[in-house]
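The block underneath contains the structure these notes are about, expressed in structure tokens.
Letters A, B, ... mirror the listed sequences (proteins, then strands); counts begin at 1. Computed from a predicted model, the values in this text were never measured in an experiment.
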Amino acid sequence: MSANHTTYGGGTPGAPAWEQDNYLNHTHGLKSWLTTLDHKRIGLMYLICILASFLLGGLFALLVRTEHLTPGRTIVDADLYNQYFTLHGAVMIFLFIIPGIPAALGNFVLPLMLGAKDVAFPRLNLTSWYLWVIGAIFSVVTIALGGVDTGWTFYTPYSTTTATHVIPVTLGVFILGFSSIFTGLNFIVTIHKLRPKGMTWFKMPLFLWAVYATALIQVLATPVLGITLLLLIAERAMGIGIFDPALGGDPVLFQHFFWFYSHPAVYIMILPAMGVISEVIAPFSRKTIFGYKFIAYSSIAIAAFGFLVWGHHMFTSGQSALGNMLFSALTFSVSIPSAIKVFNWLSTMYKGSISLKTPMLYALAFMFLFGIGGLTGLFLGALAVDVHLHDTYFVVAHFHYVMFGGTVIAFLAGLHYWWPKMFGRMYSEKWGAVACALIFIGFNVTFFTQFVLGSQGMPRRYYNYLPMYTSYHQISTVGSYIMGLGFVICAIYLAHSLLAGKKAAANPWGSVTLEWRTPPIPPHDNFDKTPLAGDPYDYSQVRWDAKTGGYVWVDEQSSAAVAG
Amino acid sequence: MSGHSSHPDYLGHHYDTPEQQFDSGSLGMWLFLATEVLLFAGLFCAYAIYRSHHPEIFLYAHQYLDKNMGALNTAVLIFSSFTMAMAVRMAQLGKNNHVVTLLTITLLCGFGFLGVKKVEYEAKWKHGLLWGKKFHPEEHSAGAHGTEALHDAGVTTAAGVTTAAGVATAAGGAGASHDTGASHDAAAMPAGATDHGAAPATGGSTAAPVGINPANADPMAVRSNIAPPPAGPAGLAENAFEPKQKVNSHATPKERPSNVHIFFGIYFLMTGLHGVHVIAGMSAIAWVLWRTMKGHFSAQYSTPVHLVGLYWHLVDLVWIYLFPLLYLVG
Amino acid sequence: MLASLLGSMAGFLGQGGGFWLPEAASKTAEPVDALFNFVLWICIFFFVLICVLMILFVMRFRRQRPDEEALSQVEHNSALEITWTVIPLALAIAIFWMGFKGYMDLATPPANSMGVQVQAQKWSWLFSYPNGVSAAELHVPEDTPVKLTMSSSDVLHSFFVPAFRIKQDVVPGRYTTVWFHPTRTGEFQVYCTEYCGKGHSDMLSKVIVHSRTDYDKWMDEEGNFIDKMPAPEAGAKVFQKYGCKQCHSVDGAGGTGPTFKGLWGIDQPLTTGAKVKVDENYVRESILQPQAKIAAGYEPVMPTFQGRMNDKEIGVLIEYLKTLK
């Protein structure tokens with residue numbers, strides 16, 4: 001097809017070179033995968049692990065929802081229920097969402113987008129993956145031992161006194177933290193040092209800006225979580241007294257420490273999602289991104305402000321009124337850049353040439369759901385209203401709209417967008433749309449109901465509830481089943497795509513970032529020679545090619561014509 | 001770069017030039033150091049919060065740390081930073097024999113530091129000056145204390161010299177043996193002692209521990225005196241503290257404030273985490289030492305020595321903050 | 001589904017208790033509700049705006065052929081960008097300010113408030129009045145500001161009354177306060193909203209707002225019930241008041257602790273393997289030093305009632321226990 005990969009392979013005539021030698025079949029055997037330093041393979045290994053975690057966390061979610069079909073006992077007793085919601089939260093946050101987009105999609109895409117052969121430290125990259133696996137094993141061991149019931153927030157003094165297995169799970173999270181730190185460190189250095197000629201900071205694709213901002217938070221915030229968890233372990237194992245009121249310690253100090261990490265962690269989850277959405281909306285509108293510089297700067301601004309708002313999780317904890325005022329004001333200051341990003345995406349679509357392929361459907365769903373998630377944040381940022389809504393289902397609904405409606409939907413958008421590049425196969429657009437619709441509808445039924453539950457006063461983490469809330473809970477549970485069905489369909493058509501999907505063109509969507517300059521499945525070394533970076537959103541660089549069913553690069557076409 | 005004729009072995013396949021690789025390595029290490037600083041920052045925050053809320057605990061408890069030992073360790077680490085910096089310089093010049101010598105000295109300094117730390121920890125352990133629930137300070141009548149402490153001092157001084165053998169290169173041998181004795185004096189807890197040297201020598205002739213009934217021989221009873229079960233919410237009692245009269249930093253505050261164990265909890269957490277970093281740094285030094293001896297480095301390529309050097313300087317730097325914050329309060 | 005929810009949402013707006021918020025019963029609730037509705041309308045406006053534009057653009061600018069180009073390539077538009085920065089910013093400042101003002105009201109109890117001490121523990125509330133009377137439910141007179149001074153004897157809890165729009169964490173080792181000014185009589189639900197373990201969702205209570213005369217009558221009865229009532233009946237009241245029912249059933253059902261039905265007089269097996277006769281002394285010891293003898297098959301999780309339950313109360317509770325055959 002194009003000049004830059006004709007040197008690969010060279011066996012059976014007929015099959016294109018990229019099919020005979022690519023990163024998937026460059027070497028063989030399980031060992032070649034487990035010891036690989038190739039960022040693309042590491043990305044795929046992350047993807048498999050992360051999807052497995054999503055399945056596990058999702059099963060816990062369905063158990064939680066099923067328990068709520070009736071007040072009191074439906075399927076399990078309170079002890080088990082408390083473990084279910086704890087494990088749902090811990091698995092989803094630490095094993096799935098935090099590494100989801102950066103470690104799985106980011107690992108695969110980031111060096112390709114930079115026109116680089118790999119990340120700066122390939123060995124460290126593999127180490128991160130192994131750390132993730134070790135952290136995950138700790139979580140599984142915790143479940144096997146009989147679970148943990150503290151909630152994913154591990155608040156003291158409950159977490160230092162409960163009889164369940166807090167130490168293995170906190171150790172697991174501690175190790176996962178280092179996995180996250182090393183990934184972030186690797187990406188920062190890669191973006192600084194391995195950008196190709198011609199790609200200045202403001203010619204970087206916005207996904208890279210988002211991943212860069214994310215990596216900064218990963219590197220700067222995660223160590224604080226690390227020390228917090230070490231203190232918690234020391235408190236529990238040795239009775240060190242820092243958080244234990246019986247020994248003169250301060251249990252609220254733990255909350256400050258915890259949220260100093262865990263609020264920025266929310267931006268670790270949402271920033272890369274915003275990056276994915278920028279990458280998807282532009283090519284599917286065939287229009288240059290509106291307000292590039294603003295979107296780029298706002299990622300960094302959100303990351304920076306994200307460090308200053310942790311106290312808004314503690315408006316009712318008894319911290320001072322002055323503290324509450326400052327944290328509330330700063331919280332609103334983060335809302336502005338997020339809102340403007342949405343307007344920028346909308347403007348990108350205006351007068352575009354909009355194609356409603358599956359990735360774009362997810363991107364549109366993202367704007368809808370993230371819109372609700374962001375707007376409902378206004379209720380919670382306003383001090384007086386937050387006092388009523390804090391720790392109710394309103395908060396549960398709000399963060400699911402942001403984390404699920406935002407991050408998970410964007411993860412799905414990214415997965416569908418880069419799927420052809422990962423596996424060289426297309427999936428069924430029809431079933432893609434069906435699954436997307438089911439997930440979208442199911443999600444809203446599940447979580448919109450919870451806004452009402454919460455404002456009516458239903459507290460979160462409740463095993464039992466008053467009969468007045470029953471019908472809301474039942475609607476919500478039905479919604480979760482619809483969502484579950486959507487994911488099952490998604491899993492089926494993606495599996496089908498792997499086995500029997502239509503072969504993908506090298507650039508099926510008409511994108512102009514560098515990863516689309518590789519063959520349908522990239523080779524082991526990514527690029528023969530470092531490609532020249534152009535404007536990442538100038539769609540006149542590619543044109544439709546009916547023969548391959550994809551888009552082709554105008555410059556490669558002309559150079560091939562010259563060479564031929 | 002398959003086409004590149006000059007792609008040396010040490011250069012990763014994804015880098016174009018050695019400079020690019022060196023810069024990447026340095027940036028990566030600096031970022032890692034930033035994460036390490038933030039890891040310690042959590043503990044420094046905890047320290048700052050408790051010290052601002054309960055200065056009396058820190059004023060009282062820091063006396064049971066041995067300044068001389070701390071100063072000695074500070075000197076050892078500063079010296080090791082110097083030898084490490086020299087090693088990095090020699091590596092850049094390709095003088096591998098010097099690198100081996102300097103790294104060995106640095107490594108020995110690390111052992112020396114750990115040896116002194118071990119002596120200090122043992123003393124704390126012996127006297128029950130530990131964290132939270134483990135805080136059961138020994139209470140002796142002054143006379144009994146005198147003889148026992150003298151005896152202990154003799155025994156562990158010998159041990160201290162053997163474990164801290166590496167320190168000898170840093171000209172600290174004599175100091176160490178002397179200081180070990182002093183640390184025991186300081187670490188035992190009869191509150192009356194004012195002069196570190198004097199307490200064992202005078203053998204309890206004067207000072208009956210203030211605030212503790214000498215007849216109170218039952219250790220359980222003593223404990224309950226130390227940490228009375230909180231009446232009502234525990235933290236509320238804290239507000240009841242009278243602000244301490246301004247104390248001369250050389251004099252022992254008259255009464256032991258409650259929750260002194262918080263200081264020792266923070267002390268063990270901070271020095272313990274730092275100790276883990278010293279061990280990590282020493283392992284890294286041993287690794288580059290081995291690689292230097294194997295001839296992996298040259299004037300063109302000695303990045304790992306450089307990076308390990310950066311790490312070791314951070315380990316030293318953290319101690320330079322810990323020493324005054326923990327040993328030199330007030 | 002969503003459309004119908006949105007529809008009913010619009011329908012219920014403006015009514016006191018309705019689709020979103022429960023009916024308010026406190027003076028400070030009014031500004032909170034007003035702000036809630038203000039933010040709600042802002043949200044609806046922006047949400048509808050985003051959705052309408054999105055749908056409009058998708059319909060109007062849908063790609064018909066794969067090679068179709070965009071109609072224009074605008075990179076930015078300063079006037080537009082400034083507009084959509086300034087308007088949300090102004091709204092955010094307004095919301096912040098209203099929220100802060102409302103919060104200061106919630107955080108500042110009037111000087112003439114009636115004081116009540118609240119003790120939270122797994123998984124019950126105890127409200128103590130200055131005259132020594134205590135109860136498991138909070139009884140207050142109508143139209144009087146009430147200030148609660150709260151502490152916890154074990155883990156974090158949080159005191160939440162939706163109808164009053166108040167919530168405050170209850171922390172071991174320190175006091176936190178919250179206040180309200182009930183505007184009408186009635187019973188209002190109290191929840192614990194800080195996760196505190198197995199019985200978290202059953203750590204419920206009520207605020208019962210009486211008219212002034214009813215309140216005085218209640219206080220009088222409550223202060224002297226042990227002397228006035230037959231002992232077993234008074235014991236049943238003590239049983240209610242201290243939240244014993246959270247763990248001990250009276251009908252033979254299982255729970256965190258042994259059921260009281262048929263407990264009296266039996267030989268109770270202990271975790272040590274020994275047995276103890278359930279008599280006055282054992283019951284008294286179990287209340288004051290719960291960890292001394294643990295019934296076999298149960299966890300040592302019961303908190304002590306030393307300093308909370310007095311001898312008279314223990315006496316009538318024992319009489320009540322005797323009746324549970």
Side-chain angles (χ1 to χ4, degrees), chain A residues 78-79 151 155 157-158 161-162 245 251-252 285-288 290-291 316-318 321 324-325 328-329 332 335-336 339-340 342-343 346 349-355 364 367-368 371-372 375 378-379 382-385 387-388 390-391 444-445 448 452 455-457 459 461-465 544, chain C residues 1-2 5 20-22 32 35-36 39 43 46-47 50-51 53-54 57-58 61-63 66-73 75-76 81 84-85 88-89 92 95-96 99-100 102-103 106-107 155-156 158 160 162 165-169 171-173 176 191 193-198 200-202:
Chain A
D79 280 329
Y155 271 15
Y158 188 78
T161 52
T162 173
V252 180
S285 304
R286 278 187 81 71
K287 190 156 165 279
T288 191
F290 187 94
T316 68
S317 71
N324 279 348
M325 184 193 86
S328 170
F332 280 107
S335 70
I336 305 297
I340 301 173
V342 174
F343 295 134
L346 269 180
M349 289 166 62
Y350 175 68
K351 289 199 174 176
S353 164
I354 298 172
S355 157
L364 296 177
M367 282 209 272
F368 184 99
I372 295 181
L375 287 166
L378 295 176
F379 291 94
L383 274 169
V385 181
V387 168
H388 176 62
H390 178 76
D391 269 345
N444 281 301
V445 173
F448 196 85
V452 187
S455 63
Q456 287 285 357
R461 295 176 171 175
Y462 258 35
Y463 165 70
N464 199 354
Y465 56 85
W544 173 251
Chain C
M1 173 55 67
L2 189 72
L5 281 174
W20 288 106
L21 294 166
V32 175
L35 180 57
F36 184 96
V39 178
C43 287
F46 279 101
F47 178 68
I50 292 169
C51 287
L53 288 179
M54 203 161 72
F57 293 169
V58 167
F61 305 117
R62 182 84 185 265
R63 194 183 301 176
D67 57 349
E68 194 177 343
E69 299 295 327
L71 294 172
S72 96
Q73 294 288 347
E75 283 183 9
H76 69 103
E81 285 173 84
W84 72 42
T85 308
L89 189 65
I95 297 172
F96 159 72
F100 175 60
Y103 173 75
L106 290 175
V155 299
L156 298 175
S158 188
F160 176 36
R165 317 284 190 260
I166 56 165
K167 183 179 291 126
Q168 177 62 51
D169 288 8
V171 184
T176 52
Y191 294 107
T193 46
E194 190 66 79
Y195 174 69
C196 58
K198 186 174 185 174
H200 175 48
S201 63
D202 293 321

Give the member of [options] that has the highest number of heavy-atom pairs under 4.5 Å with chain C.
options	answer
A:A382, A:A321, A:A339, A:P459	A:P459
A:I354, A:D79, A:V252	A:I354
A:G352, A:S335, A:P251	A:G352
A:G151, A:G291, A:G318	A:G291

With side chain to side chain contact (heavy atoms under 4.5 Å, CB included) as the criterion, how do A:M367 and A:L364 come out once you've worked through the C-alpha distance, each side chain's angles and the decisive distance to 0.1 Å?
CA-CA 5 Å; A:M367 282 209 272; A:L364 296 177; 4.2 Å; yes
At a 4.5 Å cut-off on heavy atoms, which part of [X] comes close to chain A: side chain, backbone, both, or neither?
X	result
C:E81	side chain
C:I50	both
C:A92	both
C:C196	backbone
C:Y191	both

Specify which of C:F160, C:Y103, C:F46 makes the most heavy-atom pairs with chain A at under 4.5 Å.
C:Y103
Among C:F100, C:F57, C:W84, who wins on heavy-atom pairs under 4.5 Å with chain A?
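Among the listed options, the one with the most contacts to chain A is C:W84.
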For the residue pair [X] and [Y], does the interplanar ring angle fall in the parallel (under 30°), tilted (30 to 60°) or perpendicular (over 60°) class?
X	Y	answer
C:F61	A:Y350	perpendicular
C:Y195	A:Y158	perpendicular
A:Y462	C:H200	perpendicular

Taking side chain as everything from C-beta outward and backbone as N, CA, C, O, which of these in [X] sits under 4.5 Å from a heavy atom of chain C? Side chain, backbone, both or neither.
X	answer
A:I336	side chain
A:T161	side chain
A:Y155	side chain

For A:T316 and C:Q168 the tightest heavy-atom approach is O-NE2, 3.0 Å
What verdict does the side chain to side chain contact (heavy atoms under 4.5 Å, CB included) test give for C:R165 and C:L21, after you've listed the backbone C-alpha separation in whole Å, the side-chain angles of each residue and the deciding distance to 0.1 Å?
CA-CA 9 Å; C:R165 317 284 190 260; C:L21 294 166; 3.6 Å; yes
Within the side chain of [X], is there an N or O that forms a donor-acceptor pair under 3.5 Å with the backbone of [Y]?
X	Y	value
C:K167	C:T193	no
C:Q73	A:R286	yes
A:T288	C:E75	no

